[in-house]
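Taking it in order: structure first as structure tokens, then the write-up.
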Amino acid sequence: AGYRQLLRVRSVAFRGDAMALEKSQEAIRAGFEMHRLVTDQNEIKEHLRGVAQAVEMLQFNVVQGKLNERGNYSVDIRPEQAAFHGGEEKLEVSHMDAENTPLEPPPLVTTTTGCKSK
């Protein structure tokens, strides 16, 4: 169930980004294959906690930036992400490159779609 849940949530988080979809699917499969033969119940529970944390991170903390006509990156924050962060319409966003190394972020404009402020 955790494997399918990760695949579903990554398809939403990386919608429209073929490379991210491919690489995330490879990473998820590799992670599960690496632990395929684990039989210790405590170790299995620990891995399941890790899966739950990965699902939460992808679902609520990953956004995609798109370069707009003004040269800024626009980020759409999904309603469930805004709700998770207390209804915040502006969230801190870090720019990451292919190796997940934090870079100096470019100018960023955040928008929400379908979110209501409290």
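The side chain to side chain donor-acceptor pair (under 3.5 Å) pairs that include a residue from residues 8-18 are Arg10-Ser24, Arg10-Gln25, where partners are two or more places apart or lie in different chains.
Counting all heavy atoms, side chain and backbone alike, Leu21 lies closest to Phe14 at CG-O, 3.6 Å.
Under a hydrophobic-cluster definition in which Ile, Leu, Val, Met, Phe, Trp and Tyr are linked whenever side-chain heavy atoms come within less than 4.5 Å, directly or via other members, Val9 and Val12 are assigned to different clusters.
Proximity of Val63 to Gln81: side-chain heavy atoms (C-beta onward) are separated by under 4.5 Å at one or more points. You'll find the side chain of Phe60 stays beyond 4.5 Å of the side chain of Arg78, heavy atoms only.
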Please lay out, stage by stage, how Gln59 and Phe84 fare under the test side-chain contact (heavy atoms from CB on, under 4.5 Å). CA-CA 10 Å; Gln59 190 170 19; Phe84 182 80; over 6 Å; no
Under the side-chain contact (heavy atoms from CB on, under 4.5 Å) criterion, do Arg36 and Glu33 qualify, and how do the steps go? CA-CA 5 Å; Arg36 171 180 256 188; Glu33 286 294 326; 3.6 Å; yes
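Distance alone, capped at 3.5 Å, places no donor-acceptor pair between the Asn42 side chain and the Lys45 backbone.
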Review item, side-chain donor-acceptor pairs of residues 46-58, under 3.5 Å, at least two apart:
residue	atom	partner	partner atom	Å
Glu46	OE1	Arg49	NE	3.4
Glu46	OE1	Arg49	NH2	2.7

